[in-house]
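Contents: one structure, followed by commentary.
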Amino acid sequence: MRIATWNVNSIKARLPNVTAWLAEAAPDVVLLQELKCETAAMPADAFRDMGYEVHAVGQKTYNGVAILSKRPVTDLVTRLDGEPEDEQARYVEGTIDGIRVASLYLPNGNPLGTEKYPYKLRWMDRLKARAASLLDSGVPFVLGGDYNVIPQPEDCYDPEAWSTDALFRYETRAKFRELLNLGLTEAYRALHPAARHAYTFWDYQAGAWPRDLGIRIDHFLLSPAAADRLLACDIDRGPRGQEKASDHTPVLLDLMD
DNA sequence: ATGGTTGTTGGACAA
């Protein structure tokens, strides 16, 4: 099974880029983030025409996640437990061929000193609780998406400059490690321990892309049973260099069938 | 040190 994750920064603005890339990369499952549209406004027909089921969880203007799948998706979950008043569209999860697969958009958390950062940390606690529950269930699972977390200094171009940012500060990385220490495998780093400049996001500003000033924030976290089936995990920088690109580029995961 | 960009939206806000 081939699974892709991609923060598209508006599915409407990115539709030609996304459909062209899907035709070439041919993933069985696609995890999208930052749809920036309401659920009903998701351009689902474009993906159905390519053989995908479409399961979007959207809202106006901000956030929004989706799972596209060539095989049936069952038992959909569309939010994380723990904060019933939270209406941000950041999580969707379903079962595909016996694997629980989630598309998540973890809060950015900037600027520090506002409610945004505590919200990010609480959201990470809620995700950890969900992962613990899935581990208890024994089902293999893959949590993919935009984590808005730079795990290690080698995952950004200038660790010193990022040291006080919500994506990299110590407390954020510690929470991410808590998640990993449940027993999850971060697929890209597990397969490419020495990789440098393996970025998934480059800011639109200040020539970040041509200068390769990026960060690695889009990840796949795998349960032990899913990690046993890990074949490959790679970043495709191609889409970031195209016209009208998202500021993120897709990451691909291959699991043994 | 500031400003630099893109998307949604029709002035900021988010990233």
Side-chain angles (χ1 to χ4, degrees), chain A residues 5-21 31-44 46-47 56-66 83 85-91 103-124 127 144-151 155-169 171-173 175-176 199-219 235 237-251:
Chain A
T5 184
W6 194 1
N7 178 324
V8 294
N9 186 21
S10 169
I11 191 58
K12 288 183 193 167
R14 218 64 61 206
L15 192 56
N17 308 51
V18 175
T19 53
W21 185 77
L31 313 178
L32 301 175
Q33 302 87 37
E34 279 213 89
L35 303 177
K36 291 189 169 179
C37 68
E38 294 179 287
T39 304
M42 173 74 173
F47 301 115
V57 177
Q59 69 180 91
K60 192 177 165 66
T61 311
Y62 303 118
N63 310 318
V65 290
E83 239 171 275
E85 68 283 9
D86 182 4
E87 299 192 344
Q88 299 192 28
R90 296 181 175 275
Y91 192 84
S103 175
L104 66 94
Y105 179 43
L106 203 147
N108 178 298
N110 283 305
L112 294 173
T114 69
E115 256 311 301
K116 290 171 182 296
Y117 192 63
Y119 173 65
K120 176 179 193 153
L121 296 179
R122 290 198 309 276
W123 205 95
M124 294 179 84
L127 180 63
D146 178 357
Y147 280 75
N148 271 313
V149 174
I150 301 165
D155 295 315
C156 67
Y157 61 88
D158 186 352
E160 184 63 30
W162 284 91
S163 61
T164 58
D165 191 280
L167 277 61
F168 187 62
R169 72 193 301 258
E171 200 172 358
T172 304
R173 285 186 283 152
K175 277 259 183 266
F176 188 72
Y199 305 136
T200 64
F201 167 94
W202 298 259
D203 201 289
Y204 286 125
Q205 304 181 72
W209 166 249
R211 298 162 68 197
D212 195 27
L213 304 182
I215 56 179
R216 194 173 70 89
I217 56 175
D218 299 273
H219 310 299
I235 300 164
R237 298 168 77 107
R240 184 61 182 85
Q242 291 173 342
E243 285 300 305
K244 295 278 289 173
S246 169
D247 40 9
H248 295 249
T249 214
V251 185

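Just so you know, these numbers use all the heavy atoms, side chains as well, and skip hydrogens, waters and symmetry mates. Each chain gets a letter, A, B and so on, in the order its sequence line appears, and its residues count up from 1.
- Remark: A89(A) engages V57(A), Q59(A) in a side-chain contact (heavy atoms from CB on, under 4.5 Å) (not counting sequence neighbours).
- Each of N9(A) and A206(A) was matched to the nucleotide of DNA chain B holding its nearest heavy atom; the match closer to the 5' end belongs to A206(A).
- Listed by first and then second residue, the salt bridge (charged side-chain N to carboxylate O under 4.0 Å, His left out) pairs that reach into residues 114-123 of chain A are E83(A)-R122(A), E115(A)-R122(A), sequence neighbours excluded.
- Considering only side-chain N and O atoms, R14(A) lies nowhere under 4.0 angstrom from the phosphate OP1 or OP2 of dT6(B).
- One interatomic measurement links the two molecules: CG of N17(A) to C1' of dG7(B), which rounds to 13 Å at whole-angstrom precision.
- One can place CZ of R211(A) at 14 Å from C1' of dT5(B), the figure rounded to the nearest angstrom.
- For the P atoms, the distance linking dT2(B) with dT6(B) amounts to 23 Å, nearest Å.
- Of the inter-residue distances, the one linking W162(A) atom CH2 with D155(A) atom CG reads 12.0 Å to the nearest 0.5 angstrom.
- Looking at residues two or more places apart in sequence or on another chain, you find a side chain to side chain donor-acceptor pair (under 3.5 Å) between Y91(A) and E93(A).
- For K244(A) and dT6(B), the NZ to P distance is 9 Å, given to the nearest whole Å.
- When the side chain to side chain donor-acceptor pair (under 3.5 Å) test is applied to T172(A), the partners found at least two apart in sequence or on another chain are Y117(A).
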What's touching nucleotides 12-15 of chain B from the protein side, N or O pairs under 3.5 Å?
residue, atom, partner, partner atom, Å
dA14(B), OP1, K116(A), NZ, 3.4

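- Considering only residues two or more places apart in sequence or on other chains, R14(A) meets the salt bridge (Lys or Arg N to Asp or Glu O under 4.0 Å) condition with none of them.
- With C1' as the reference atom, dG3(B) and dA15(B) are 16 Å apart, rounded to whole Å.
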